[in-house]
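Input: a single structure, listed below in structure tokens.
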Amino acid sequence: MSKPASTDKLRDFLFENKVVLLFLVITALAFWASGMTTVVFFSELFTRFGRNTFMVLSLIIPVVAGLGLNFGIVIGAMAAQIAMFLVVLWGGSGVGGVFSVALLATPIAIVLGFLIGKLFNKMKGSEMIGGLVARHFAEGFYQFFFLFVLGGLIVINNERLMTPGGVGVINAIDLNASPNYMRQALDNISMFNILNIGFFFMVAVTVLLICYRLIKKQRLNMFGPKGLFKVIAPTGVLLVGYILTWTVQPFLFFTYQSRLNGVYASRLSALFLAGFLAYRIFMEIRAAKGDDSPKKPPIKRLVQLAFVVIGFAITL
């Protein structure tokens with residue numbers, strides 16, 4: 001009975017992940033045919049991964065809310081562009097300018113999202129049509145405002161932003177010219193600063209979570225569904241890195257780099273993922289000891305760990 005069951009699980013796994021597996025096969029064949037080195041491959045991979053992460057995160061909320069992928073993304077992009085224009089007009093620059101855009105775009109996007117939500121609630125079942133109409137309406141209003149109102153009714157004396165005639169905003173705004181140097185501003189943040197910010201953020205989260213549990217008179221369990229280990233473990237890892245930056249000179253020099261090499265990033269990611277999988281395997285074995293059902297090895301975790309080891313070996 002075990003062999004057919006294992007075969008069925010393997011077949012189900014291959015069928016459910018056929019798109020991902022096919023993509024991996026095509027990627028492996030393309031990588032072999034291109035003759036590209038692993039250094040270039042992983043550097044480009046992490047560059048695109050970081051670039052597309054923001055786009056994917058912006059699509060998660062509409063999907064979870066039951067909306068389509070493209071219903072509100074155009075209006076959300078308009079909110080970001082409006083904030084970008086205002087920050088550039090006011091002279092924002094560097095990392096502060098980037099975060100100013102985020103802070104300014106958030107309330108604009110919230111207002112527009114609230115209005116879109118009210119519209120969709122009144123036309124349930126026809127959200128796709130409503131989203132398309134709202135998109136075209138918003139795009140027309142957006143272009144009318146930036147191409148005719150700005151400079152025509154609202155005078156803006158800025159040659160970098162306005163057309164030579166003074167009416168309408170130019171098509172492309174240079175973010176790497178004085179006084180606005182926001183292009184690739186986040187790339188210049190050193191890993192040392194990121195590590196410090198991450199450590200103190202996790203410490204604050206841990207303290208607030210413990211205080212919340214104490215105020216609510218909840219038990220402070222280390223393990224379990226609401227265990228503190230899930231928060232304390234990453235805080236401990238960041239603490240180790242924080243201590244190393246102040247005690248080990250080579251590690252301090254390494255973290256002060258503004259960019260992490262793609263190969264090094266792949267290796268570090270593989271090591272962290274391997275540690276996480278080892279922890280999961282340990283917890284599943286530990287939980288199986290108190291179960292009266294027949295013991296089964298965590299095959300799924302072992303397969304995942306094997307893939308991580310193979311990925312780490314590729315970078316060597």
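Along the sequence shown, residues carry numbers from 1.
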Residues passing the ring pair (Phe, Tyr, Trp, His ring centres under 6.0 Å) test with F276, sequence neighbours excluded, are none
Would you name the heavy atoms of M78 and E139 that are closest together and state the gap between them? CE-CA, 3.2 Å
Heavy-atom pair with the smallest gap, counting every atom of A79 and A105: O-CB, 3.9 Å
If you look at every heavy atom in L150 and F146, which pair is closest and at what distance? CD1-CD2, 3.5 Å
Ignoring hydrogens, what is the shortest heavy-atom contact between L195 and L238? Give both atom names and the distance. CD1-CD2, 3.7 Å
What pairs meet the side chain to side chain donor-acceptor pair (under 3.5 Å) rule with one or both residues in residues 109-123, with sequence neighbours excluded? none
Taking the six-membered ring for Trp, are F141 and F144 parallel (under 30°), tilted (30 to 60°) or perpendicular (over 60°)? tilted
Within one Ile-Leu-Val-Met-Phe-Trp-Tyr cluster: Y212 and V203, side-chain cutoff 4.5 Å: no
Any non-hydrogen side-chain atom of I170 less than 4.5 Å from a side-chain atom of M162? no
What is the minimum heavy-atom distance between G152 and V167, and which atoms define it? N-CG1, 4.0 Å
Linked, directly or transitively: V19 and L29 (ILVMFWY side chains, under 4.5 Å): no
Can you list the residues that meet the ring pair (Phe, Tyr, Trp, His ring centres under 6.0 Å) rule with F148, with sequence neighbours excluded? none
Where is the tightest heavy-atom contact between Y142 and Q81, given as atom of each residue plus distance? OH-OE1, 2.6 Å
